[in-house]
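Structure record follows, encoded as structure tokens.
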Amino acid sequence: MSAITALQKGDSLEPVTLEPVSRIDLIKYAGASGDYNPIHTIDEEAEKAGLPGIIAHGMWTMGNLAKLFTPYYEEGFIQNYSIRFKGMVFLGDVLTLHAVLEEDYEHEMAFNVQAVNQNEEAVIKGKVVFSRKVPTY
Amino acid sequence: MFEHTIGKQSNKVKNTVERGAVKNFAEAIGDPHPIFIDEETGRQSPYKANIAPPTFPRVFDYGSIDELNLPSKGLIHGEQIYHYERPLLVGEVILCYTEVKDYYERSGKSGDMGFLKVKRYGTDFDGGLIFSEEQTVIITEAVRKEMKV
């Protein structure tokens, strides 16, 4: 793995394709996050809400997308992370995570990030600003 | 219907960045990296400790705003923004609170929608900002009708 700071404008981080979304993924996320909204775990509740089936927590997808940057914490940290939730994620969907370096400033690198499903539709889309200044503790 | 809550703040609540909670969370987002979990890796990192994933602040208690009674169902999460001054360290104790930033209504294809912007903060005990989290919640007409009943 090469350094994140070696990237040039327009370069991408290595995309990551997730395993198909499973119910156990969402049950685990509900437990770990404390978000027990039943449209994410119980079929009947999703149907009552007018959905064709349970959908992933938007924050589950957002949490997953951030892992593209996890290998680079030696070099800096995520300073800003903003996301718009664009589409629903259903069981069995296969998401691929993408990050492209858009701007390179003195201390910060701005990436366009998104998660796309198997139909190439963006389900979440936004920006990560990676700070190259490791804070002192 | 939430205009009157704009500017309202919750009480500040003490929260610990718990080791077990960070591990469970990292696993639940498919990111069980040693920087979050392994103590030795944390000690040797620039942070001198394990850190929490950026979306971890989901789990904290931010106190409550009495005037803000949101339904538990039917809300749509539109947007989410995190800002960090530095990563959260496993084991540290922080203060968290929440504030209503804005509320407005717009007419759309599926009726009138309400947009509620709520900002949450995590600070140290001197009031220094560690992170903030801003979310936009969309309240559909169907949900708003139910709430008025």
Side-chain angles (χ1 to χ4, degrees), chain A residues 16 18-19 21 24-39 45 48-50 57-86 88 95 97 124-131 133-137, chain B residues 20-36 41-42 44-61 71-89 92 110 130-138 140 142-143:
Chain A
V16 169
L18 306 180
E19 293 291 314
V21 177
I24 197 74
D25 287 338
L26 306 183
I27 292 172
K28 271 168 79 177
Y29 185 79
S33 68
D35 182 347
Y36 291 107
N37 186 332
I39 63 165
E45 291 290 335
K48 260 195 256 167
H57 306 76
M59 290 302 298
W60 175 82
T61 310
M62 186 175 180
N64 267 275
L65 182 52
K67 72 182 162 202
L68 291 179
F69 296 87
T70 307
Y72 304 106
Y73 276 111
E74 293 287 323
E75 296 172 74
F77 66 100
I78 293 178
Q79 178 179 298
N80 294 315
Y81 184 19
S82 57
I83 280 295
R84 267 174 191 253
F85 299 97
K86 313 281 282 184
M88 290 185 272
L95 302 183
L97 315 174
I124 64 171
K125 210 170 177 171
K127 269 198 167 85
V128 163
V129 175
F130 186 85
S131 168
K133 280 164 117 181
V134 177
T136 44
Y137 289 94
Chain B
V22 168
K23 181 168 185 269
N24 285 342
F25 191 88
E27 284 171 355
I29 55 168
D31 197 12
H33 193 279
I35 189 73
F36 303 134
T41 303
Q44 300 202 1
S45 77
Y47 313 97
K48 314 274 192 281
N50 292 115
I51 60 175
T55 60
F56 180 75
R58 240 7 219 177
V59 310
F60 296 137
D61 178 356
S72 59
K73 291 180 192 176
L75 302 176
I76 299 168
H77 196 175
E79 219 177 297
Q80 178 81 16
I81 302 169
Y82 286 98
H83 169 74
Y84 278 89
E85 293 293 320
R86 61 165 176 82
L88 282 165
L89 305 180
E92 75 176 320
S110 44
I130 302 171
F131 74 88
S132 65
E133 170 188 314
E134 215 174 327
Q135 48 176 297
T136 306
V137 176
I138 302 167
T140 59
V143 172

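Residue numbers begin at 1 in each chain, while the letters A, B, ... track the order of the sequences.
For a residue to count as touching a neighbouring chain, one of its non-hydrogen atoms must lie under 4.5 Å from one of that chain's; by this rule A:Asn64 touches chain B with backbone and side chain alike. For chain A, no part of B:Leu75 is nearby; none of its heavy atoms comes within less than 4.5 Å. Of the atoms belonging to B:Ile76, not a single heavy atom falls under 4.5 Å from chain A. Heavy-atom distances place the backbone of B:Glu85, and not its side chain, under 4.5 Å from chain A. Heavy-atom distances place the side chain of A:Glu45, and not its backbone, under 4.5 Å from chain B.
In this structure the side chain of B:Arg58 reaches within 4.5 angstrom of the side chain of A:Asp35, judged on heavy atoms. At least one side-chain heavy atom of A:Gln79 sits under 4.5 Å from a side-chain heavy atom of B:His83. The closest side-chain heavy-atom distance from B:Ile29 to A:Tyr29 is below 4.5 Å. Contact check for B:Tyr47 versus A:Val134: side-chain heavy atoms found under the 4.5 Å cut-off. Looking at A:Pro135 and B:Pro46, their side chains never come closer than 4.5 Å, going by heavy atoms from C-beta outward.
With ring centers used as reference points, A:Tyr81 lies 6.0 Å or more from B:Tyr84.
Ring orientation note: the planes of A:Tyr73 and B:Phe36 are nearly perpendicular, at an angle over 60° on the 30°/60° scale.
Between the NE2 atom of B:His77 and the CE atom of A:Met62 there is a distance of 7.5 Å, given to the nearest 0.5 Å. Atoms OH and OG, from B:Tyr82 and A:Ser82 in turn, are 12.0 Å apart once rounded to the nearest 0.5 Å. Between B:Leu88 atom CG and A:Phe77 atom CZ the span is 11.0 Å, to the nearest 0.5 Å.
Most heavy-atom pairs under 4.5 Å with chain B: of the set A:Glu74, A:Met59, A:Lys28, A:Lys127, this distinction falls to A:Met59. Chain A forms the most heavy-atom pairs under 4.5 Å with one residue out of B:Ala21, B:Ser132, B:Pro87, B:Ala49, and that residue is B:Pro87. Ranked by heavy-atom pairs under 4.5 Å with chain A, the list B:Asp31, B:Asn24, B:Ile81, B:Thr55 is led by B:Asp31.
In terms of the salt bridge (Lys or Arg N to Asp or Glu O under 4.0 Å) criterion, residue partners of B:Glu27 (sequence neighbours excluded) are, by chain and number, B:Lys23.
Residues B:Gln80 and A:Phe85 come closest through the heavy atom pair CB-CE1, 3.8 Å.
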